[in-house]
Amino acid sequence: MTTTDLEALATLTRNYAVFQARKSGLATALGGLMAVLFLTAPMYVDALGVRPMGHYLLEYLLLAPFAWLVLKTLLGRVLYRDLGEVKASPDAAYERRRWFWILGLALFIGVFLSLCILGFASGFLRANPAGACLTMPSLAALWLPLLYLAPTPWMLRGIEEARVYAVLVGECMLWFLASFLAFWSARPYRQSSMETASTVVQIVLVILLLGILVWSALAMVRGWKEHREYLALLRALPREA
Amino acid sequence: MGKTGTNPKAILDLDRIVHEPARLAILTVLASAEEVAFLFLQRVTGLSKGNLSSHTQKLEGAGYLETVKAFQGRIPVTSFRITEDGRTALRAYHQQLRALLPKEGKP
């Protein structure tokens with residue numbers, strides 16, 4: 001056994017441990033695909049001729065981040081554990097970056113919901129000074145997206161998956177807001193509309209949506225590449241004795 | 001002191017527990033992770049189950065690794081982790097070997 005062999009053995013073990021810690025690969029690619037499907041969801045709504053609140057499609061979409069977590073866990077169990085578990089040595093920098101994403105997501109949801117509630121409350125109070133239009137339980141429903149934070153510290157073991165989850169939840173927040181607006185809208189079909197939004201908001205939304213599209217494409221490519229690298233790593237292992 | 005300037009006693013002083021190729025491979029793998037499952041260790045070293053068990057027992061006897069037994073559902077899973085003594089021994093072995101090897105360009 002040469003020094004090169006030993007170095008190769010150590011590298012192989014470290015790479016395998018990293019794959020196992022992240023359990024990404026296909027899950028990242030799947031997350032990218034789901035983000036694209038999310039982005040184009042209004043098209044299906046229109047194509048199907050259904051209105052958001054008149055159909056359960058939107059509610060299913062809101063459950064998508066949880067569905068992705070379940071799929072990710074299943075993929076992790078099936079794909080990245082077939083040679084036994086290898087726990088990577090603790091990496092403080094990696095852990096810090098993972099927590100940066102989780103806390104960033106929590107902060108985003110917190111600020112987003114607080115602004116929504118303040119906006120709704122002030123809007124309704126302006127329209128109805130008596131304040132009878134918006135009941136407390138309906139306003140409390142705005143806090144429901146906080147449930148997205150519940151599984152984060154335990155189920156998001158890698159940075160890549162924390163990033164995918166943050167994007168999916170971010171998209172869901174937009175849909176959640178649209179759903180909420182549609183429900184409280186006085187329009188005949190209870191449908192929210194972009195036409196009432198200011199130009200600045202429209203530009204921000206378009207930039208956001210384009211950003212998500214680019215990210216999704218990159219995530220799919222990166223995820224697939226990572227999965228191929230994992231398969232190559234398995235092939236590099238010696239045959240059984 | 002030998003002809004090449006190497007002290008023959010230094011060669012004999014090499015840790016024989018670590019010096020054996022299979023055990024050296026096992027310790028190298030364990031030093032690259034926090035905890036390694038038996039299955040992975042067997043696959044990556046290319047050893048048979050019996051051979052691997054015998055070597056890990058020797059390393060455990062020397063205090064270089066510890067065995068972790070757990071259950072995944074109903075399936076018992078054996079894993080290993082290198083001890084601080086094991087890390088020190090592996091590091092010392094590498095240093096000793098490096099000191100014994102001829103410098104580049106010198107036969």
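FYI, side chains are in, hydrogens and waters are out, and symmetry mates aren't considered; it's all heavy atoms of this structure. Within every chain, numbering begins at 1; the chains are lettered A, B, ... in the order of the sequence lines, protein sequences first and strands thereafter.
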Within this structure, what is the CG-CG distance for the pair A:Leu9 and B:Leu27, rounded to the nearest 0.5 Å?
11.0 Å
To the nearest 0.5 Å, tell me how far A:Glu7 CD sits from B:Thr28 OG1.
9.0 Å
Counting only non-hydrogen atoms closer than 4.5 Å, does A:Ala88 touch chain B with its backbone (N, CA, C, O), its side chain (CB onward), both, or neither?
backbone
Flag yes if more than 12 heavy atoms outside B:Arg87 fall under 6.0 Å of its CZ atom; otherwise flag no.
yes
I'd like to know whether CZ of A:Phe108 has more than 12 heavy-atom contacts from other residues, nucleotides or ligands below 6.0 angstrom.
yes
To check you understand the geometry: which heavy-atom pair defines the closest contact between A:Leu6 and B:Ala25, and what is its length?
CD2-CA, 4.4 Å
Across all chains, not counting sequence neighbours, the ring-ring contact (aromatic ring centres under 6.0 Å, His included) partners of A:Trp224 are A:His227
Using 4.0 Å as the upper bound for N to carboxylate O, is an ion pair formed by A:Lys87 and B:Glu35?
yes
